[in-house]
2 protein chains.
Amino acid sequence: MKESKSKYAVMGILSIGPVSGYDIKKKFEKSLSYFWSESYGQIYPILKRLATEGLAIRSIQKQTGKPDRHIYALTDKGRKALREWMIRPVGRLIGRHEILLKLFFGHQVSLEDNIRQVEHFRELQSEKLKEIIASEEMLKTDYKDNPNLTYWLMTLRYGQYINRAYLRWCDETLAILKGMEQEAGA
Amino acid sequence: MKESKSKYAVMGILSIGPVSGYDIKKKFEKSLSYFWSESYGQIYPILKRLATEGLAIRSIQKQTGKPDRHIYALTDKGRKALREWMIRPVGRLIGRHEILLKLFFGHQVSLEDNIRQVEHFRELQSEKLKEIIASEEMLKTDYKDNPNLTYWLMTLRYGQYINRAYLRWCDETLAILKGMEQEAGA
DNA sequence: TAGAGCATGTAATAGGTTACATGATTAG
DNA sequence: CTAATCATGTAACCTATTACATGCTCTA
């Protein structure tokens, strides 16, 4: 009986303040993109369900020229349900790391192919690290007095730790692969 | 036009040697479980499809007392398709880290709740690290002369780097949270 | 005037897990 | 005697993405 985490991801956003589905998508893209994402195809039906389950209430904000905004706010019941999920211990995560899948079968292709793959992966992670560091600076100034800031910074630090670990692993792996290349060429 | 990676995961296993669907599941559980998994509901239909697409051929191994084994082997066409996928650069991975989702909304619950959550996460990762180190030792002895060994070890090293990064992050985060606790209590 | 942004939502499709069905053998 | 292992496979179900439909306004 595993329940989808998307529901709680949406409720979590609502816990910060009442917003529309459109806003929620933006939030995910702006602040959670490096560890979570949700599509409209998930968000809108979830909001509807939250309302029928009494976990959120909807109010309509009329606008001129633009479509109306459907603003959702958590109810007490919703806040309680969110908290209950928050304190449930997390399960094991079996992320599917495509780079490892490819490397696991590395013997099927040439050394150069493997090197190229790892170098490309290193490039990706190096860019991501830069982005994370940049958004850390932004957050610190933009939300200086927000009580959520400490928690948001913790998630960013996580990204930094992991990405630096990726880079170190890439360097080690590339050194091994290049060593094998030398050996084969000799 | 993103193609499912499960297909290539199965083909990758077949590239090591001809096996049955049952064996493939076992392989995933034994050697790839810390970064990849596939269920029977995926494996069997994929094998069928590989055969109809000419990427693999099936032969039947009769057994007495036990059900027959359907052994699949990659064809040249299959081996070529696998190699083509192998050299395609990997995309960005947006793993969904439940612990981060919970921590991002950490302000909604108490400091103790957050501490408990991170401590539990640390416990999980610490166990996992032990498992990875243990299987590294096993691999080194069991597959001493296997040409795949170098690549398999690389994937294990990755797991070690990442898991050690998790532990360091947990320690940093726990220190911050406990510092906040002190402050609040003072 | 073309395209991006605002804003809602649904339908089609893909990706994936779990539970079930079958049935013999073997280990505790 | 019970449970696990061997071994195949399917059906029901859940989860998630992508593409589409609508239509106004503002910017390049």
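Each chain gets a letter, A, B and so on, in the order the sequences are listed, and its residues count up from 1.
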Self-check item: Candidates C:dG15, C:dT18, D:dA16 - which lies nearest the side chain of B:Ser4
Solution: C:dG15
Practice problem: Would you please indicate if the ring centroids of A:Tyr158 and A:Phe35 are separated by under 6.0 Å? | Solution: no
Self-check item: is_close_aromatic(A:Phe105, B:Tyr8), centroid dist under 6.0 Å
Solution: no
Quiz item: Over its full length, what angle do the end axes of the helix from C:dT1-D:dA28 to C:dG28-D:dC1 make, each axis taken from five pairs and the result rounded to 10 degrees?
Solution: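 Here the local axes at opposite ends form an angle of 40°.
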Exercise. Check the angle between the aromatic planes of A:Phe121 and A:Trp169 and answer parallel, tilted or perpendicular using the 30° and 60° thresholds.
Key: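 A:Phe121 and A:Trp169: perpendicular rings.
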Shorter than 3.5 Å, N or O on both sides, protein versus nucleotides 4-12 of chain D: list them out with atom names.
unit_1, atom_1, unit_2, atom_2, d
D:dC6, OP2, B:Tyr22, OH, 2.6
D:dC6, O5', B:Tyr22, OH, 3.4
D:dA7, OP1, B:Gln63, OE1, 3.2
D:dA7, OP1, B:Gln63, NE2, 2.7
D:dA7, OP2, B:Arg69, NH1, 3.4
D:dT8, OP1, B:His70, N, 2.9
D:dT8, OP2, B:Tyr22, N, 2.8
D:dT8, OP2, B:Tyr44, OH, 2.9
D:dT8, O5', B:Tyr44, OH, 3.3
D:dT8, O3', B:His70, ND1, 3.4
D:dG9, OP1, B:Arg58, NH1, 3.1
D:dG9, OP1, B:His70, ND1, 3.1
D:dT10, OP1, B:Lys48, NZ, 2.7

Spacing of [X] atom [atom1] relative to [N] atom [atom2], expressed in whole Å:
{"X": "B:Ile46", "N": "C:dG16", "atom1": "CD1", "atom2": "P", "answer": "8 Å"}
{"X": "B:Glu29", "N": "C:dT17", "atom1": "CD", "atom2": "C1'", "answer": "13 Å"}
{"X": "A:Glu38", "N": "D:dT17", "atom1": "CD", "atom2": "P", "answer": "6 Å"}
{"X": "A:Lys62", "N": "C:dA7", "atom1": "NZ", "atom2": "C1'", "answer": "15 Å"}
{"X": "A:Ile43", "N": "C:dT8", "atom1": "CD1", "atom2": "P", "answer": "10 Å"}
{"X": "A:Arg49", "N": "C:dT10", "atom1": "CZ", "atom2": "C1'", "answer": "16 Å"}
{"X": "A:Phe28", "N": "D:dA16", "atom1": "CZ", "atom2": "C1'", "answer": "13 Å"}
{"X": "A:Trp36", "N": "D:dT15", "atom1": "CH2", "atom2": "C1'", "answer": "12 Å"}

Quiz prompt | Closest non-hydrogen atom pair between B:Arg83 and A:Val109, with its separation | solution =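 Heavy-atom minimum between the residues: CG-CG1, 3.8 Å.
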Quiz item: Does the side chain of B:Ser6 come under 3.5 Å of the side chain of A:Arg96 through a donor N or O and an acceptor N or O?
Solution: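 The criterion, which ignores hydrogens and geometry beyond distance, is satisfied for A:Arg96 and B:Ser6.
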Quiz item: In terms of side-chain heavy atoms, does A:Tyr34 have a donor or acceptor partner in A:Thr155 at a distance below 3.5 Å?
Solution: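 Looking only at side-chain atoms, A:Thr155 and A:Tyr34 do form a donor-acceptor pair, the distance falling under 3.5 Å.
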Self-check item: Interatomic distance, A:Leu50 atom CG to A:Lys77 atom NZ [nearest 0.5 angstrom]
Solution: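 Between A:Leu50 CG and A:Lys77 NZ, I get 10.5 Å after rounding to 0.5 Å.
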Practice problem: Answer yes or no: is there a donor N or O on one side and an acceptor on the other, between the side chain of B:Asp23 and the main chain of B:Ser20, under 3.5 Å? | Solution: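 Present.
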Quiz prompt | A:Tyr22 six-ring centre to A:Lys26 NZ/CZ under 6.0 Å and within 45° of normal | solution =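 Checked: cation-pi criterion met.
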Exercise. Please determine if a side-chain N or O atom of B:Arg96 lies less than 4.0 Å away from the OP1 or OP2 oxygen of D:dT15.
Key: no
